[in-house]
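Worksheet: one structure, shown below.
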Amino acid sequence: MSAASSQEALRREVRDWLSQNVDAGWRAAMTDSEQEAFFALQKEWFSELVKAGYATPHWPEGWPGGGRSLAEQKIIYEEVARADAPRLILYFVALYHAACTLFECGSAEQQSRYLPAILEGEIWCQGFSEPNAGSDLASLKTRAVRQGDHYVITGQKTWSTMAQYADRCLLLARTDKGERPQAGLTYLLLDMRARGVTVRPISQITGDDEFAEIFFDEVEVPVEDRIGEEGAGWAVAQTTLASERGLTLVELSQRMRYALPLIVDAMRRSDRLDDAAIRRDFGRLITHVDAACALADRYLLKRISGDEAPGDASIVKLYYARTLREFTALGKRIAGLDGQYHRGFMRGATQETGNWTVDFMNSYNWSIAGGSDEIQRNIIAERMLGMPREPRDWTLKGQGA
Amino acid sequence: MSAASSQEALRREVRDWLSQNVDAGWRAAMTDSEQEAFFALQKEWFSELVKAGYATPHWPEGWPGGGRSLAEQKIIYEEVARADAPRLILYFVALYHAACTLFECGSAEQQSRYLPAILEGEIWCQGFSEPNAGSDLASLKTRAVRQGDHYVITGQKTWSTMAQYADRCLLLARTDKGERPQAGLTYLLLDMRARGVTVRPISQITGDDEFAEIFFDEVEVPVEDRIGEEGAGWAVAQTTLASERGLTLVELSQRMRYALPLIVDAMRRSDRLDDAAIRRDFGRLITHVDAACALADRYLLKRISGDEAPGDASIVKLYYARTLREFTALGKRIAGLDGQYHRGFMRGATQETGNWTVDFMNSYNWSIAGGSDEIQRNIIAERMLGMPREPRDWTLKGQGA
Amino acid sequence: MTPELNQLTDSARQVVAGLGLGLAADEQEAYSLIAELGWLMVSTPEEQGGLGMGLAGACALHTELGRGLATVPFLPQLLAISAVSSGAWPGQEIWLESMMSGERRVTTSLGESSLTVERDGDGAMKLNGRAVALASADCASHVLVEAADGVCLALLALDQSGVRITARPTWDVTRRLFDLEVSDAALDPQLIIAQGESASLLRQRLAILRDFALAADAVGGAMALLEMTVEYLQTRQQFGRPLALFQALKHRCADLKAHTEAAQALLQDGLDAVTDREGDVIATPEAEMKALAVKQLACSAYAAVAEESLQLHGGIGMTSEHDCHLFLKRALLNEHLGRRQDSYDRGLADRFIAGLNQA
Amino acid sequence: MTPELNQLTDSARQVVAGLGLGLAADEQEAYSLIAELGWLMVSTPEEQGGLGMGLAGACALHTELGRGLATVPFLPQLLAISAVSSGAWPGQEIWLESMMSGERRVTTSLGESSLTVERDGDGAMKLNGRAVALASADCASHVLVEAADGVCLALLALDQSGVRITARPTWDVTRRLFDLEVSDAALDPQLIIAQGESASLLRQRLAILRDFALAADAVGGAMALLEMTVEYLQTRQQFGRPLALFQALKHRCADLKAHTEAAQALLQDGLDAVTDREGDVIATPEAEMKALAVKQLACSAYAAVAEESLQLHGGIGMTSEHDCHLFLKRALLNEHLGRRQDSYDRGLADRFIAGLNQA
């Protein structure tokens, strides 16, 4: 069977499976839902995907569900988007960040200790960001001090997705105040139930609490839970961050495309289906969504063929973030006063739910987190266009480095 | 008579006079016209305004037509805009830049030598800008070397409005390479017919040649034609640049308001009078034009009351430039393919002529010349918002200063 | 601005900041306070016992209330007072006095209403339909109703049969809005303020007052938020420098400043254009156009500042711990109060083109 | 891209740059050159004697022609060849061969036409009306006419009685456009390419080809101009530093880069969506929508790059001495070729909504 026809077969297989297994009522069930219901849905959908072998297509050959090519992974994500299946946000860090870091940088023993538990539903969170560090990872301050066969951790992390539910944490901590700030970071796997760990959910402006702060007060981590060498944490963290390889934005831009009818619904509901001005803006949005999909696809194809260039990923993210803003802003505008009334958010949903004010505010997550739009613009200007970088040592008199 | 009622009387008087003296056919006559016709119209309209006493309302008491308050000047400009009279672009530098510099910094002898000639129609140009100086006046390179009772000028100026027709030039030249770059500049009045002066019109992208380059090859200027002390040119130049005191943008934003029906004409001509999308954009433009007028008015009122703050002028210019761009871009969009066909430009006209592609391109003059939009944004951020200035000594290794 | 207006602005700013009219304030106490301060009298002519500061006074106060994210439902009462004080109707004097003192509270729709009036067989007037965006209606005894067909303006008791209010919580927690549903409620002939032509003129004047007040709120909010954001950028360090030193951010702040200043200038300029010598709102087509422009520009400036501020604050702005989102949510709601958002632009163009055709 | 396409792109870039197809080039010589190079055969299927590189080949060439501001009127002839090669009509073989060799030149409208066909008493077909934006019509012997009512597509001799062309110089001096006026011109039955349903499908396919080709021209122009602008900013010093070091300018260039890359990605992605296995354009509603999106995005990206580049070049960009304005004028014209500018956005929305209603 040729690659093309085996891919077509996979697409049909996944599509069939999804059509039988996605509960179309999940959006209604997740609206204004309790945490428990959200938890239950995530767990159930996760275990179904694992059973079907669609949760870990990116894992290596030999692991359950693994060994799929990037092209096949793309097909699975496209079909998941097309079927409007729930997003597995509770397990994302475990399935991608934790697993890929273990595959690429973990020892065989670490892999066999942690990966099977992930398949059984262990929840992970990421401990990279810190207050006041913003997009500047090299300035992290949480400390890990070696004492015998343990590191002792003290400090604070923030913006950790779902940390309040997590069993384990991917932690980046400073073991050394070396000359280059990146050089002194070490990468550890931390048990969230260890003594000295406190989690405080961050209250978001939408009323959601998808993120949390984590406080570490002399938390002990065994040395065998270190990934890579002491001081090599920066490089390991790059592996973590690169782990989803562009698939997320393929999925999300496809989801955005399938969500376009939400705008038409809003037009109908506000009696403006024939408003020429709205139609023109909607047409422009369709084009931008189409282009966001094309950029995400092209990026993944480049990764598949090994042609990725510096800045490519920044273009995809910047364009997606901008288009998502335009999408949600248009919905908000059409909805008018009705869109301003408070409605409960939909847990674990996609970026477009038709709860327009929430969707609009949430769109800022994409232009702020994971390297803000401003950082992406710097990268594009400097690495793609070759414009000069501002010297790092430019500071105002009497201020900082 | 109260100030208010005497101002009302002035307004009526000017309005009556304009209604009898503005030839409504001037726009048609100036379209695709020869230089000579343009020259003739400018001369004739200038002498009529001088005769009526409306050309020099900003001159001091005692000079013909002078002694008007800023509030009265504003009325005259508003009425000129309302009557859609031709703009006196050939005489602008003489009436404002030259005259005000002479009034504020010239000697009594210089005043009596040059001012009466201005009223008789002598044409002046400005010699400030240089190639590669951009918005950075302090980096001027044209040199003036003192030899006995003369300065000898060598160098090049550019972007000099109407220099090819000018009798005299307001010249800023470097007499000293002092430590602070501003310190070594000297201000001279130069006879454009002197030996060694060459003028080359700059061919603009609209086909117009409103600007010219001036080359000086050992041109002699008598020392008595120096304004202020040697090395004091920077301060004198500030006087020149401040001479129109915000009146130009009061006039131009009013003219923009009176030009709004041009957009409606374009809608009608392209059969889109009822296009809801165009109407919405037109409504937004009306608002912005209205705001540009309000900003220009407020700025002049602040000058009248002495309340001008740093950055106020930048806001007016930035907003006007942006609104003019929006105006001309909308016209261009509505005109469609018809707007893309070549049509001859209208000489000495306002910024809005309905020749949309030309109007659109010309709008860039306002965002580039006289301190670009970028410079205005720096000024607003630093002087109004108090954000820090980038240190002047920030350069890349091996480059500059 | 006149010295009186400057003084009003200064004292309002102190009150809003110092005595805490913001989120923390108790709405009832705040209401009593502004009543004591005489703010409810600000626009009423002196000969009717008011301060006679007209629309300009109302806008000065709304600017400061917007700046401080005040929760006090000032505008609905002010609109009702303006209605009650106009023309001559039976209950005018008593109602005006008790409303200006804050004793009687009347709410008013800040959105579009679809109320209609019919006369039944006995000649009694019956009201039917819906109105939206009545602020703090649960604290009012009456609502000012405008029949959409222009037949009349009247006060309607909220406890009357056939009248129902429903709370409609918004994302903007600084306002408490209600829907009004009316089914066959009888209008009290004693409480009819205007009918026919004079009702229609009064409606126009109230719409102008509403649009200017919302614009003033927006200008105040935009100014306060931009200051807050610039201050944040000055403080916050990244890559070893204050964010305020990054030129891309400086230029965006400069654009926001220009937008905000334009809105403020247009608002100030508009005050003259829509008022008579006494500072009272006039109902002309030009005044209506000015109000459309002022509201549109101010609310778009506020939204632009709020949206950019969210981005410029980064992660911290996405948390409820920071005030950024309170401004954002108020800015978004302001865009949707009054007429439908797009109809401001559209209405201006329509009126401009109609004006040309008449000329 | 396939290796063949890459090779085509590389060689085209060399030809355009090296042999000077730009403004300086003589249009006739350039035309002979591209004919010699076989570019006129690029999209024609191999079994008809062409290169069989389909729409992708045409877009690769147009990208390079756009990049080099080429003056050669390639697109009108390519559209006519595409028309001539489709279906089966009497003169097909002879016309196709002589047009692909460049011997016979046929122009085509790049704008909207209002031509109508009527049969007179003898059954002869008479053409009337207007068409616009015929490039270099003075060098062609025939024009491809499409009746707006969908009745037929045909070749019309330009020297025939009742046919008149008028030069319409545009600001974009890299194109020479003409209007066509036709009054009671008889259609030669031997030169009718398609009628009825097949004419209507062919029109759709030609519109898709036209939109993609204009988009490719725009993408090429935008890329070249952005490179030129960045280079200018690298060179030009102000306040002692290269302009390219100012963050506000860097960020604007980054946004333009994103816009341009998006247009290029959508164009590439669209090629698959609008072609069959042989690379030929198909006439489906989805293909038409894709063409609308591709044209709209690419032309808006080009215009955005051109407008910002003018600003970023400062005064020098305002003079005819610099090439900046040539890109700008071509970008502006591209926006207005094809359908009416706004109707791209509008058309997409209309089709999307109609599609939903059918589903």
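The shortest side-chain heavy-atom distance between C:Glu261 and B:Ile380 does not fall under the 4.5 Å cut-off. Residues C:Lys250 and B:Leu385 have side chains not in contact (no heavy-atom distance under 4.5 Å, counting atoms from C-beta outward).
Salt bridge absent: C:Asp345 and B:Arg280 never bring a charged side-chain N and a carboxylate O closer than 4.0 Å.
By number of non-hydrogen pairs under 4.5 angstrom with chain C, the leading residue of B:Ala291, B:Ala292, B:Gly283, B:Gly311 is B:Gly283. In terms of non-hydrogen atom pairs under 4.5 Å with chain C, the most contact-rich of B:Met387, B:Met384, B:His288 is B:Met387. Contact tally against chain B (heavy-atom pairs below 4.5 Å) for C:Leu297, C:Val230, C:Leu233, C:Asp255: the top residue is C:Asp255.
Heavy atoms closer than 4.5 Å to chain B are found nowhere in C:Asp272, neither backbone nor side chain.
For the residue pair B:Arg298 / C:Gln264, a side-chain donor-acceptor distance below 3.5 Å is found, with atom types taken as modelled. Looking only at atom types and distance, the side chain of B:Asp373 has no donor-acceptor partner in the side chain of C:His251 under 3.5 Å away.
Residue-environment remark: CZ (B:Arg15) exceeds the threshold of 12 foreign heavy atoms within 6.0 Å.
Sorted by first and then second residue, the ring pair (Phe, Tyr, Trp, His ring centres under 6.0 Å) pairs with a member in residues 261-304 of chain C form an empty list; sequence neighbours excluded.
Interatomic distance, B:Leu295 CG to C:Asp269 CG, rounded to the nearest 0.5 Å: 9.5 Å.
Of all heavy-atom pairs between B:Thr287 and C:Gln296, the closest is CG2-OE1, 4.0 Å.
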